[in-house]
Asker: 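Please find one structure pasted underneath; my questions will follow.
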Amino acid sequence: MTRNLILGGLLSLVFVAAAVLSFAWTPGDVETLDIANRLKPPHAAHWLGTDHFGRDILSMLMVGARTSIAVALVAVGIGMGAGVPLGLAAAANRGGWLDELISRGGDLVFAFPSLVIAILITAIFGPGAINAIIAIGIFNIPVFARLSRGAALSLWAREFILAARVCGKSATRISAEHILPNIANLLIVQGTIQFSLGILAEAGLSYVGLGAQPPVPSWGRMLADAQTMVSLAPHVAIIPGLAIVFMVLGLNLLGDGLRDALDPRLKVVRA
Amino acid sequence: MLRYALKRLVSLAVSLAVASVVIFLVVEVAPGDPASFMLGINAREDTIAALRSELGLDVPKWQRYLAWAGGMLTGDFGTSYTYRTPVSEMVAERMWISLPLALYALILSTLIAFPAGLLAASRRGRTSDMGVMAATQLGVAIPNFWFAMLLVLVFAINLRWFSAGGFPGWDDPVQALKALTLPAIALALPQAAILARVMRSSLIDILGEDFIRTARAKGLSPGQALWRHGVRNALIPVLTILGLQFSFLLAGAIIIEQVFFLPGLGRLIFQAITQRDLIVVESVVMLLVFAVIVVNFAVDLAYAAVDPRLRQKA
């Protein structure tokens, strides 16, 4: 359905544009405190109101979008960068020890939810956005490894791969030149979904204090700060949450739309 | 079936062993010595050395690993560096909040998802299907801890039906369950959305099968065919997701506990991190991973019991 694609694309674009714009301009300053104007509900000077330090919530959301997008994007990059070659190698070695090792390794990583990985990393290095990236990235690796292994396995049985083998091409070259381009659509769709899951995971990690640290604004951190003020000024809790919902909703719709547009037969795993 | 179960059991043991080595190694490379952290910067060398030896930190790493892993097998998780009490006691106490919470959420999510998935699949393409699908689309996009805050705002602060947080203990089970209700709803709803989608698509696949047409040809109404032949067959993928969800619920419980100030495993682990109580971190993480691996093992077995083809494949 193109409706999903357009709506999801537009929603995602709004957040990406806001994040990019925040490098050049924000309606207010996110570092200046204005205690006299704290917890003000949305009004003309501050469209989305102010937080407990009197900072403009819209500006905080714009700068926070940078953190969310950067963390989720790099985590998808790590997942794809490591997971796809592993999955392709496993498929090229189907039935062999390497395949077994990669598959079992993936099962093992799946036993560690990203929150648990983040807890372990934080126990060692202390909290920070980088740790959130690593934790979500590690969790993404087996997702992409499994997906690309499964898709590559069915391709290895096809005639055009057989032809490439008859030509004397090595497994690595076949994987890179013939398999990868054929599973690219699948990877893009799954990438969109992991990106949206990454936004949610980043928010959760920053909420419990394992992600981006103050003064770097992040959506999860804004919600953690808002928690004790929810009865005084509900908008400080409602607005950042809505931002997360719309961003994730946009990415999910985009993923669905892309899947339908690229190949209606594709089945995407929503882990 | 026995051979399959044994094979899976061996792989379960190997996974647990490898996971324990990974967790131990990761925590061991952590900078900062717990003994010097506990005694502060002005502590004398010999006092630190004495505490190190008391905590068992002066023996080689492999011996410590064996002592820790062996202890976990017998239920002895070591002694907390900070509180000097057995970690197993601390964990057991907290577990009585986190585990019931995750189970409560699992039951709620199943109770919401099954009827929703069934309704959507049986009325595919109609308004009720589209309504369910739109609701699930929104459900998967909502962060559970934010949803928890909204629940607090509406049901605790405005309506005053529930308390905004805390846990009264299990002495009064009704009050205890009441305290876990909002957290369980917050945890359950996003998972229910995923489960309902899986249930719907699984049922739709099944409804296109020949045996459903045969059942209809025999004179069964669409509802009867769906109920008698469709649901049971559609349950297999749903079971898998349900197993996977348990680990997400347990991990999610750690975050939700923060919203409701519940003294569960989440609170324990975050305190332990700030106090560098590494043995507690190690043990709780191992316990969480153990739960995930064992639940997946149980799901695999249940799966093989339901579908004989899977036993042969393995």
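Just so you know, these numbers use all the heavy atoms, side chains as well, and skip hydrogens, waters and symmetry mates. Each chain gets a letter, A, B and so on, in the order its sequence line appears, and its residues count up from 1.
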Asker: Which region of B/Ile157, side chain (C-beta onward) or backbone (N, CA, C, O), has a non-hydrogen atom less than 4.5 Å from a non-hydrogen atom of chain A, or is it both or neither?
Answerer: side chain

Asker: Could you point out which residue of A/Arg104, A/Arg94, A/Arg149 forms a side chain to side chain donor-acceptor pair (under 3.5 Å) with A/Asp99?
Answerer: A/Arg149

Asker: Of the backbone (N, CA, C, O) and the side chain (C-beta and beyond), which part of A/Leu249 lies under 4.5 Å from a heavy atom of chain B, both, or neither?
Answerer: both

Asker: Which atoms of B/Ile255 are under 4.5 Å from chain A, going by heavy atoms: the side chain, the backbone, both sets, or neither?
Answerer: both

Asker: Please verify the inter-ring angle class for B/Phe145 with A/Tyr207; under 30° counts as parallel, over 60° as perpendicular, anything in between as tilted.
Answerer: parallel

Asker: Could you tell me which portion of A/Ile238 (side chain, backbone, both or neither) has an atom closer than 4.5 angstrom to a non-hydrogen atom of chain B?
Answerer: both

Asker: Checking B/Val259 against chain A: side chain, backbone, both or neither under 4.5 Å from a heavy atom?
Answerer: both

Asker: Can a salt bridge be assigned to the pair A/Asp256 and A/Arg3 using a cut-off of 4.0 Å between side-chain N and carboxylate O?
Answerer: no

Asker: If we only count heavy atoms from C-beta on, is the A/Met247 to A/Trp219 side-chain gap below 4.5 Å?
Answerer: yes

Asker: With a 4.5 angstrom heavy-atom cut-off, is it the side chain or the backbone of A/Ile119 that approaches chain B, or both, or neither?
Answerer: both

Asker: Is A/Leu242 in contact with chain B via its backbone, its side chain, both, or neither, using a 4.5 Å heavy-atom distance?
Answerer: both

Asker: Please check this pair: side chain of A/Ser218 against backbone of A/Ala212, looking for a donor-acceptor N/O pair closer than 3.5 Å.
Answerer: no

Asker: Is chain A contacted by the side chain of B/Leu138, its backbone, both, or neither, given a heavy-atom distance below 4.5 Å?
Answerer: both

Asker: Quick check on B/Val281 against chain A: is it the side chain, the backbone, both or neither that has a heavy atom closer than 4.5 Å?
Answerer: side chain

Asker: Are the side chain of B/Gln245 and the backbone of B/Gln191 linked by a donor-acceptor contact shorter than 3.5 Å?
Answerer: yes

Asker: Quick check: does any side chain N or O of A/Asn140 sit under 3.5 Å from a backbone N or O of A/Ala75, one acting as donor and the other as acceptor?
Answerer: yes

